[in-house]
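The structure under discussion appears below in the form of structure tokens.
All heavy atoms count here, side chains included; hydrogens, waters and symmetry mates do not.
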Amino acid sequence: MARASSLSGFPEWLPDGRVVEQHVLDSLRRTFELHGFAGIETRAVEPLSQLERKGETSKEVYVLRRLQDERAEPDASGTEDGLGLHFDLTVPFARYVLENAGQLAFPFKRYQIQKVWRGERPQDGRFREFTQADIDVVGADTLPFHFEAELPLVMAEALAALPIPPVLISVNNRKVAQGFYEAIGLADVEAALRVIDKLDKIGSDAVVESLQTEAGATADQARAALELAAIKGDDPSVADRVRALGARSELLDEGLDELVRLLEAAQQASPGTVVADMSIARGLDYYTGTVYETTLVGHENLGSICSGGRYDSLASDGKRTYPGVGLSIGVSRLLTRVLGRGLATASRPVPTAVLVAVADEADRASSDRVARSLRARGIPTDVAPTAAKFGKQIRYADRRGIPFVWFPGEHPAGEVKDIRSGDQAPADAETWQPPAADLWPRVLGQDEPR
């Protein structure tokens, strides 16, 4: 390579950022597993026909082909329409469920942490390659509503364990919006939902205009839809405020009842974390029940860091339908704010806790023996790259963030120096242990002492 060049939209963290990322991923994994979710991983590519099922997002799909291909050819499995990199984890998960339904126990609870690719314009918090962390519960033919109340609470717990500001999970129910729109005579419900979903971006005046031009609403219907979208609250009185608008339908009542049940469960388990917001629509048309959007308190301009909803017909083999509910964290989006604003930092950029000094290249084997003894007991250890003066080796450890330097004596004896405090004491390589806080890098929040 003659010259390195950067590509926008493809984040590459420095080692200390990678420590924070690994901490986040490990913490999410622990919480998901505590709640009974099993981890899976799916292939990176899917047939274009499947990826294009999600409408507008298909414009962002990266198509996969060999460099020397001059025409479209079927791949080895016989796919005629080509392959693309998956742009989320929901489409591949739906396919995974269908292919493995006979071997899965339902309701099936899965978590999945993988890279995805999306050809959109890079900007703050938006990438072309990024990591997502999803949880879903899928049933066979039916799925009880209580999972719609449980999943946001699992996510709230997972996010609360991270070194980030508090989160607010905004929820709505597509049955409320659909039932309301149908009750006021608004025919194109899907178009109306897509327009309402843009409220925060384009403002109320533009929404009223778009409802009329794109969803065929009258001026009165557009204003009524906007009045519905303005309702927010974290207690069951939200339902009364919706009913006060005057619209009535069986579907609307069903959605309001479910929304109230969710809010009541959230108030008991995590007060103040979940709020109903009638403007949350989630423009993707496969959602059928509760929908979710999550923001960082104080960082709302970043947009949603976690979203999802209930879907009843995303996966079906013609004989059985597999309804589900899921949420997805934009891990890379979250990390760009955490690292960019210093909301969390690593205590050191490398896992190494000890650097074993080398007194003389002829005696490097004795330093290697010390390192093996320490590693055998789970202490991350490196050996100095050269037998430079000890002062230079200490400076090398300091630059890398390694807290301890070991000076070998007659094995296993030696002396270990804490280069932060300057304290130095005799030690035995077969028994010495660093303080627990120094064994591995730690991730520190803004207010934690460095």
Side-chain angles (χ1 to χ4, degrees), residues 4 11-30 161-164 335-336 338-450:
E12 295 178 325
W13 315 121
L14 291 172
D16 53 346
R18 178 63 172 161
V19 169
V20 176
E21 181 184 40
Q22 284 299 113
H23 171 83
V24 167
L25 298 179
D26 290 344
S27 179
L28 293 174
R29 190 177 295 111
R30 281 194 300 272
L162 304 180
I164 60 174
L335 282 169
T336 193
V338 168
L339 298 175
R341 299 290 180 87
L343 303 179
T345 56
S347 61
R348 63 180 187 261
V350 295
T352 312
V354 181
L355 178 75
V356 181
V358 178
D360 186 281
E361 286 297 341
D363 200 28
R364 177 173 287 274
S366 63
S367 296
D368 289 338
R369 284 197 298 272
V370 171
R372 286 195 294 270
S373 295
L374 296 173
R375 291 173 191 143
R377 293 186 294 106
I379 302 171
T381 305
D382 199 358
V383 179
T386 64
K389 292 182 179 179
F390 283 159
K392 189 173 182 180
Q393 296 185 52
I394 291 172
R395 288 192 295 274
Y396 171 79
D398 186 47
R399 285 195 303 272
R400 298 191 66 204
I402 302 171
F404 298 98
V405 174
W406 186 287
F407 302 103
E410 186 173 341
H411 191 269
E415 292 195 354
V416 64
K417 182 184 185 74
D418 184 334
I419 64 173
R420 299 160 301 180
S421 65
D423 295 338
Q424 184 169 328
D428 187 316
E430 295 179 356
T431 58
W432 178 83
Q433 191 76 17
D438 294 324
L439 183 59
W440 294 99
R442 292 173 295 126
V443 172
L444 309 170
Q446 264 186 315
D447 301 326
E448 296 182 71
R450 298 298 193 261

Does Asp398 have any side chain to side chain donor-acceptor pair (under 3.5 Å) partners at least two apart in sequence or in another chain, and if so, which? none

Check for a donor-acceptor pair, side chain of [X] on one end and backbone N or O of [Y] on the other, with a separation under 3.5 Å.
X: Thr352; Y: Pro380; value: no
X: Arg369; Y: Pro412; value: no
X: Gln393; Y: Val358; value: yes
X: Arg348; Y: Pro351; value: yes

With rounding to the nearest 0.5 Å, note down the distance linking [atom1] in [X] to [atom2] in [Y].
X: Asp418; Y: Asp438; atom1: CG; atom2: CG; answer: 7.0 Å
X: Thr386; Y: Glu361; atom1: OG1; atom2: CD; answer: 7.0 Å
X: Leu374; Y: Gln433; atom1: CG; atom2: CD; answer: 9.0 Å
X: Trp406; Y: Lys417; atom1: CH2; atom2: NZ; answer: 14.5 Å
X: Thr381; Y: Asp368; atom1: OG1; atom2: CG; answer: 11.5 Å
X: His23; Y: Arg442; atom1: NE2; atom2: CZ; answer: 11.0 Å

Given side chains that start at C-beta, do those of [X] and [Y] come closer than 4.5 Å, heavy atoms only?
X: Ile164; Y: Leu343; value: no
X: Glu21; Y: Leu25; value: yes
X: Arg395; Y: Lys389; value: no
X: Val338; Y: Pro163; value: no
X: Gln424; Y: Phe404; value: no
X: Trp432; Y: Ser373; value: no
X: Pro408; Y: Val356; value: yes
X: Thr345; Y: Val20; value: no

With sequence neighbours left out, which residue pairs that include part of residues 403-412 fulfil the salt bridge (Lys or Arg N to Asp or Glu O under 4.0 Å) condition? none

Determine, stepwise, if the pair Leu162 / Val443 fulfils side-chain contact (heavy atoms from CB on, under 4.5 Å). CA-CA 9 Å; Leu162 304 180; Val443 172; over 6 Å; no

Only pairs at least two apart or in different chains count here, so list each ring pair (Phe, Tyr, Trp, His ring centres under 6.0 Å) that has a residue in residues 368-400. Phe390-Phe407

Run the side-chain contact (heavy atoms from CB on, under 4.5 Å) check on Thr336 and Trp13 step by step: do they pass? CA-CA 9 Å; Thr336 193; Trp13 315 121; 4.3 Å; yes

